[in-house]
Amino acid sequence: MSEDPTHFDLVIIGSGSGNSLVTPEFDLLRTAVVDRGVGSEDAFGGTCLNVGCIPTKMFVHTADIAATITDAARFGVDATLEGVRWRDIRDRVFGRIDAISEGGREYRRDAEHTEAYLGHARFVGDRELEVHITTPGGSHEVGSRHRITGKQVVIATGARPFVPEEVRSSGVPFHTSDSIMRMDELPASLVILGGGVIAAEFAHVFASLGVRVSVVTRGKGLLTHFDKDISAAFTDLARAQWDVRTGVTVEAVRQGGDGVELQLSDGIVTGELLLVATGRVPNSDDLGLEHTAVRTHRDGRVVVDEHGRTDVEGVWALGDVSSPYQLKHVANQEARVVAHNLVHPDDLQSFDHRYVPAAVFSRPQVATVGLTLDQARGQGYAVTTKTQRYGDVAYGWAMEDSTGLFTVVADRATGRLLGAHAMGPHASTLIQPVIQALSLAGPDGGPTAHELARGQYWIHPALTEVLENALLALDVEPEFDVTADYDPVGEDVPAT
Ligand SMILES: Cc1cc2nc3c(=O)[nH]c(=O)nc-3n(C[C@H](O)[C@H](O)[C@H](O)COP(=O)(O)OP(=O)(O)OC[C@H]3O[C@@H](n4cnc5c(N)ncnc54)[C@H](O)[C@@H]3O)c2cc1C
Ligand SMILES: NC(=O)c1ccc[n+]([C@@H]2O[C@H](COP(=O)([O-])OP(=O)(O)OC[C@H]3O[C@@H](n4cnc5c(N)ncnc54)[C@H](O)[C@@H]3O)[C@@H](O)[C@H]2O)c1
């Protein structure tokens with residue numbers, strides 16, 4: 001261990017996924033965790049905990065409850081949503097989260113082998129940083145500046161909301177996902193700019209809680225990064241719930257109407273508040289990387305190899321700042337790999353980007369893994385695909401579902417799965433057996449789709465039968481059809 005108090009064995013910039021790098025192997029070494037905080041409270045612990053996955057899903061679940069009440073009459077259950085207590089909801093969510101964030105910060109500050117620098121870090125050399133303390137509650141005074149060096153440095157600085165120039169230069173107040181969940185009152189109406197994941201999730205949250213929501217996007221539909229049939233079906237369902245403006249450009253943003261007015265290429269949209277959800281940019285531009293040999297891609301992501309190494313020896317990167325996937329489960333996997341590699345330089349592990357799943361927790365949910373039909377064809381596979389409707393299995397009847405679908409994509413020649421794409425209640429959970437089959441396949445190629453269907457029990461009449469039936473209905477080469485005698489109509493589930 002070094003005697004120099006400004007030299008550390010490990011310096012981690014970013015307390016999100018980076019925070020999990022302080023493994024027991026570092027117990028006898030010195031680690032600095034540098035973090036400037038996220039959201040309006042400059043909270044410790046990164047995006048997912050404070051302004052990302054966790055609070056949004058707590059709001060989504062609350063919105064699901066409200067939507068279930070509103071939807072209950074068609075089941076013969078008469079119920080009225082009498083109102084929602086926004087401040088109570090907000091305070092319940094953040095009452096839980098803030099305590100975890102504060103506990104994490106104090107632990108890093110007080111532990112014998114770690115030091116918490118709560119401020120902005122900037123490289124001044126390859127493994128040398130200047131830190132300007134901006135937030136109280138850490139190991140150092142607000143306003144102080146520190147030069148620190150690390151034997152190893154990990155860049156885990158995440159990403160931040162991108163705000164288009166037409167909004168920034170308008171002077172009109174706006175929210176991003178960093179601020180909107182902490183507002184004091186629900187607005188009567190909300191304009192959401194963007195048609196991606198954040199827009200889809202917040203549109204559900206606020207519309208289900210009684211806010212009139214407009215979604216404005218330049219794309220032809222919503223969730224256009226997903227399978228095209230799912231994107232089209234989701235956009236149709238969105239139009240039935242929200243005011244959805246697709247294929248439009250924003251020509252001006254000004255104050256007007258009840259709050260904000262957007263001049264679109266095809267008209268005007270107004271709302272009390274504006275939420276900007278137009279993507280997230282890596283936090284690499286304000287890191288002083290020009291003082292190092294660390295390179296970035298054109299989109300700002302730090303260049304790393306499959307082990308998380310940058311171009312500078314001893315400097316690593318992981319998560320949203322460098323990954324092609326801005327997802328917490330990916331950042332976590334990358335953090336586990338880097339945590340191992342930091343202490344096992346002769347036995348490096350690699351990032352696993354083979355089958356990265358994603359889900360959108362909207363109304364309905366969307367989930368995806370592996371190749372879409374078009375991607376599989378593009379890669380030269382003889383593709384077979386089946387779309388099974390939720391409404392065709394028993395639990396789908398129970399739910400009176402008429403829109404949910406589960407598509408599986410497979411290689412006709414081998415019968416093996418290539419991907420799956422689902423939209424409907426619990427899609428994020430239902431897709432897990434496909435993720436498992438793809439990820440654990442091993443060198444022998446793993447189970448065929450039919451083996452996956454018939455090699456295990458599927459609880460009857462659970463909603464997972466939608467996947468079981470889709471797998472069984474795939475049209476594969478006969479020699480791989482281990483269920484040639486299976487009659488999908490024979491059980492008490494009707495065929496499509
Ligand atoms: C609204 C929303 C919902 C989401 N929902 C999901 C979901 O349901 N599922 C999912 O998988 N993913 C979701 N994500 C994405 C997920 O949150 C991110 O992929 C993940 O948190 C990235 O982790 P990270 O460790 O790379 O970065 P972060 O958690 O963002 O951590 C980076 C930290 O570095 C700090 N920092 C940055 N620059 C500096 C600097 N120069 N000096 C000091 N500190 C600095 C930041 O303040 C931050 O605290 C969501 C994101 C958002 C915004
Ligand atoms: N459930 C989840 O896993 C989850 C939830 C939220 C966020 N995230 C992560 O956060 C990332 C960022 O989310 P996001 O929704 O901000 O980005 P996104 O890339 O999903 O969507 C951005 C949207 O904004 C539109 N857009 C961009 N610039 C625009 C402009 N100038 N005018 C109008 N529209 C414009 C794009 O066409 C697109 O529809 C996601 O890609 C995802 O990885 C994940």
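Counting convention: from 1, in listed order, for ligands and their atoms alike.
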Worksheet item: For His61, does the NE2 atom sit with more than 12 other heavy atoms under 6.0 Å from it, leaving out its own atoms?
Response: no
Worksheet item: Which protein non-hydrogen atom lies closest to atom 5 (C) of ligand 2, naming both residue and atom, and how far is it?
Response: Val197 CG1, 3.2 Å
Worksheet item: So which heavy atom in the protein is nearest atom 18 (P) of ligand 2, and how far is it from that ligand atom?
Response: Gly196 CA, 4.1 Å
Worksheet item: In terms of residue, atom name and distance, what is the protein heavy atom nearest to atom 12 (C) of ligand 2?
Response: Arg280 CD, 3.7 Å
Discussion item. Judged on heavy-atom distance to atom 9 (N) of ligand 1, which of Cys53, Ala159, Ser20, Ala359 sits nearest?
Written reply: Cys53
Fill in: Identity and distance of the protein heavy atom lying nearest atom 34 (O) of ligand 1
Gly14 CA, 3.2 Å
Practice prompt. Please report which non-hydrogen protein atom sits nearest to atom 33 (C) of ligand 2, along with the residue it belongs to and the distance in Å to one decimal place.
Written response: Leu193 CD1, 3.6 Å
Worksheet item: Do His113 and Leu29 have side chains that get closer than 4.5 Å, going by heavy atoms?
Response: no
Worksheet item: Do the side chains of Pro164 and Val276 get nearer than 4.5 Å, heavy atoms only?
Response: yes
Practice prompt. May I ask whether Arg160 has any heavy atom positioned less than 4.0 angstrom from an atom of ligand 1?
Written response: no
Practice prompt. Between Gln326, Lys328, Arg36, flag the one that comes closest to atom 10 (C) of ligand 1 by a heavy atom.
Written response: Lys328
Item to complete: Check each heavy atom of Arg122 against ligand 1 and say whether those closer than 4.0 Å belong to the side chain, the backbone, both or neither.
Response: neither
Worksheet item: What is the nearest protein non-hydrogen atom to atom 2 (C) of ligand 1, stated with its residue, atom name and distance?
Response: Gly52 CA, 3.4 Å
Discussion item. At less than 4.0 angstrom from any non-hydrogen atom of Ala156, what atoms of ligand 1 do you find?
Written reply: 31 (O), 32 (C), 33 (C), 34 (O)
Worksheet item: Is ligand 2 less than 4.0 angstrom away from at least one heavy atom of Lys328?
Response: no
Worksheet item: Is there a nitrogen or oxygen of Phe162 sitting under 3.5 Å from a nitrogen or oxygen of ligand 2?
Response: no
Worksheet item: Which protein heavy atom lies closest to atom 33 (C) of ligand 1, and at what distance to 0.1 Å?
Response: Asp35 OD2, 3.4 Å
Discussion item. Minimum distance, heavy atoms only, to atom 6 (C) of ligand 2: which one of Thr176, Leu262, Val281, Ile198 is it?
Written reply: Ile198
Worksheet entry | Proximity of Asp320 to ligand 1 by residue part, where a heavy atom lies under 4.0 Å | both
Practice prompt. Tell me whether the centres of the aromatic rings in His140 and Tyr117 are closer together than 6.0 Å.
Written response: yes
Discussion item. So for ligand 2, is Gly219 a polar contact partner (N or O within less than 3.5 Å, distance only)?
Written reply: no
Worksheet item: What protein heavy atom is closest to atom 30 (O) of ligand 1, reported as residue, atom name and distance in Å?
Response: Thr47 OG1, 2.5 Å
Discussion item. Suppose we measure from atom 39 (O) of ligand 2 to each protein heavy atom; which comes out shortest, and what is that distance?
Written reply: Gly195 N, 3.0 Å
Fill in: Proximal candidate to atom 24 (P) of ligand 1 [heavy atom criterion; set Ser17, Gly16, Ser428]
Ser17
Worksheet item: Who's the nearest protein heavy-atom neighbour of atom 2 (C) of ligand 2, and how far?
Response: Ala359 O, 3.3 Å
